[in-house]
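The sequence lines fix the lettering, A, B, ..., with proteins before strands; numbering per chain opens at 1. All values below come from the heavy atoms of this structure, side chains included, with hydrogens, waters and symmetry mates left out.
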Number of protein chains: 2
Amino acid sequence: MVRTADAEDGLITPVCSIFRRFLKRQNLRFTTERALILEAVMSKADVFEADDLYAEMRGAVPESRGAGEKPTTVSRATIYRTLKHLLEAGIIREVLIDSGKAHYAQSFGGRPTGHLVCVETERIVAFPTERLDALMREICAEHGFEPVSHRLVVYGVSPEASAADQG
Amino acid sequence: MVRTADAEDGLITPVCSIFRRFLKRQNLRFTTERALILEAVMSKADVFEADDLYAEMRGAVPESRGAGEKPTTVSRATIYRTLKHLLEAGIIREVLIDSGKAHYAQSFGGRPTGHLVCVETERIVAFPTERLDALMREICAEHGFEPVSHRLVVYGVSPEASAADQG
DNA sequence: CTTGCTGCAAAAGTTTTGCACACGT
DNA sequence: ACGTGTGCAAAACTTTTGCAGCAAG
């Protein structure tokens with residue numbers, strides 16, 4: 001949709017500066033590993049988990065690294081540590097798909113998002129949840145709470161799965 | 001609270017028969033341990049986790065067990081195994097509060113329920129979500145999904161916490 | 001240079017599983 | 001009796017942490 005940006009990196013460059021600013025503000029450093037993780041995160045269209053990033057980075061040298069000689073192997077520890085920062089920076093958010101494992105997704109400009117999960121294929125589709133705002137406020141008001149945020153996961157059967165069930 | 005056995009148990013007895021029927025249907029057995037776990041589950045007003053049940057059953061002999069000589073110590077393994085059956089039987093449901101640990105709540109007659117979580121005190125309030133049904137269907141329709149269920153967690157600041165912040 | 005960062009490996013926390021024995025039905 | 005269930009302890013998994021060396025600013 002949006003063209004321009006700084007270069008053809010599209011999404012990556014702006015988010016990258018956001019992260020850099022965030023890190024600087026906290027006296028943290030923008031390291032090679034953090035850059036790689038951010039890149040891997042931005043390459044994920046949908047929901048991902050820590051181990052997806054780990055797998056993605058094993059061996060595969062991302063093109064944007066130009067003359068990539070860096071080993072491109074980031075330890076799990078660093079991934080977990082960086083995910084925390086990305087959460088704090090508001091670049092990603094946690095999506096509660098199931099307990100036992102953390103799931104994350106890019107937070108598109110902080111727009112509230114829900115996720116539609118196919119119970120058969122496990123395909124996940126994100127959708128905006130602004131239309132729930134009034135209801136959220138209503139629910140909070142009924143209990144005297146002040147709304148902060150919400151997480152919505154809708155389970156259903158995707159069209160592909162329905163089709164497969166038929167044939 | 002709880003009186004004797006079959007009669008005035010209020011909540012427990014009906015759920016108990018539901019569970020027994022469920023087990024029988026699957027050729028599974030209604031054991032002392034499963035009865036104890038069900039009792040512990042029904043005693044929880046709100047959201048609980050596996051370890052809550054374990055803690056609750058250590059030593060405390062539930063009154064309803066009459067002449068309780070049974071050790072009333074149920075292993076964690078059995079708790080986890082039984083929770084699976086209770087889920088399948090529809091007696092409890094998983095509540096996605098955070099990843100890394102499973103949270104459960106009684107499912108009141110299968111009525112869809114959301115949870116309001118105070119981000120400061122961690123108090124959790126359940127609320128019915130029927131009023132979201134139309135919206136859920138709408139969202140599913142937009143993506144060609146067939147709705148199955150949903151999970152909603154709303155985060156907010158409880159009245160107590162707000163009050164504490166003031167004073 | 002100073003301070004924070006990384007990788008490794010060990011630890012921690014939750015949930016699962018193999019096995020020998022015990023118990024509902 | 002038969003087939004399940006249970007407890008124990010070990011295993012499996014995800015995530016966290018201590019530490020020695022490394023690197024960003």
Inset, instruction - Give a yes or no answer on whether the side chain of B:Gln106 reaches the backbone of B:Met42 with a donor-acceptor pair at less than 3.5 Å. - result: yes
Inset, instruction - Return no unless some side-chain N or O of A:Thr78 is found under 4.0 Å from OP1 or OP2 of C:dG7. - result: yes
Inset, instruction - Specify the residue among A:Arg76 and B:Leu28 whose closest nucleotide of DNA chain D lies further upstream toward the 5′ end. - result: B:Leu28
Inset, instruction - Measure the distance from CE on B:Met57 to C1' on D:dG7 and round it to the nearest whole Å. - result: 13 Å
Legend entry - Partners passing side-chain hydrogen bond (donor to acceptor under 3.5 Å, both in side chains) against A:Thr121 (at least two apart in sequence or in another chain): none
Legend entry - Side chain A:Arg29 and base C:dT3 donor-acceptor under 3.5 Å: yes
Legend entry - Sugar-phosphate only, base, or nothing, as touched by B:Asp51 at under 4.0 Å among non-hydrogen atoms: nothing
Legend entry - Axial bend angle, the helix from C:dC1-D:dG25 to C:dT25-D:dA1: five-pair end segments, nearest 10°: 40°
Inset, instruction - Please check if A:Val95 and A:Tyr80 belong to a single hydrophobic cluster, counting links between Ile, Leu, Val, Met, Phe, Trp and Tyr side chain heavy atoms closer than 4.5 Å. - result: no
Inset, instruction - Side chain of A:Thr31 only, please: which of C:dC5, C:dT16, D:dT16 is the nearest? - result: C:dC5
Enumerate all atom pairs, one protein N or O and one N or O from nucleotides 10-13 of chain D, separated by less than 3.5 Å.
none

Legend entry - Whether B:Arg34 side chain and B:Arg29 backbone form a donor-acceptor pair below 3.5 Å: yes
Inset, instruction - Can you tell me the distance, in whole Å, between the CG atom of A:Leu23 and the C1' atom of D:dA24? - result: 12 Å
Inset, instruction - Could you tell me whether the side chain of B:Thr78 and the main chain of B:Val74 form a donor-acceptor pair under 3.5 Å? - result: no
Inset, instruction - Kindly say if B:Tyr80 contacts the phosphate of C:dT15, meaning a side-chain N or O under 4.0 Å from OP1 or OP2. - result: yes
Inset, instruction - Carefully, step by step, assess B:Ser158 and B:Glu120 under the rule side-chain hydrogen bond (donor to acceptor under 3.5 Å, both in side chains). - result: CA-CA 8 Å; B:Ser158 64; B:Glu120 298 198 5; over 6 Å; no
Legend entry - Within 6.0 angstrom of A:Glu160 CD, more than 12 heavy atoms from elsewhere: yes
Inset, instruction - Check if the side chain of A:Arg81 and the base of C:dG4 share a donor-acceptor pair of N or O atoms closer than 3.5 Å. - result: no
Inset, instruction - To the nearest Å, give me how far apart NZ (A:Lys84) and P (D:dT15) are. - result: 10 Å
Legend entry - Residue A:Arg34, side-chain heavy atoms: nucleotide from C:dC5, D:dT4, C:dC8 that is nearest: C:dC5
Inset, instruction - Ignoring hydrogens and angles, tell me if any N or O in the side chain of B:Thr129 forms a donor-acceptor pair with the backbone of B:Pro112 under 3.5 Å. - result: yes
Inset, instruction - Answer with base, sugar-phosphate or nothing: what part of the nucleic acid does A:Lys24 contact at a heavy-atom distance below 4.0 Å? - result: nothing
Inset, instruction - Measure from the side-chain N and O atoms of B:Ser107 to the backbone N and O of B:Gly90, and report whether any donor-acceptor pair falls under 3.5 Å. - result: yes
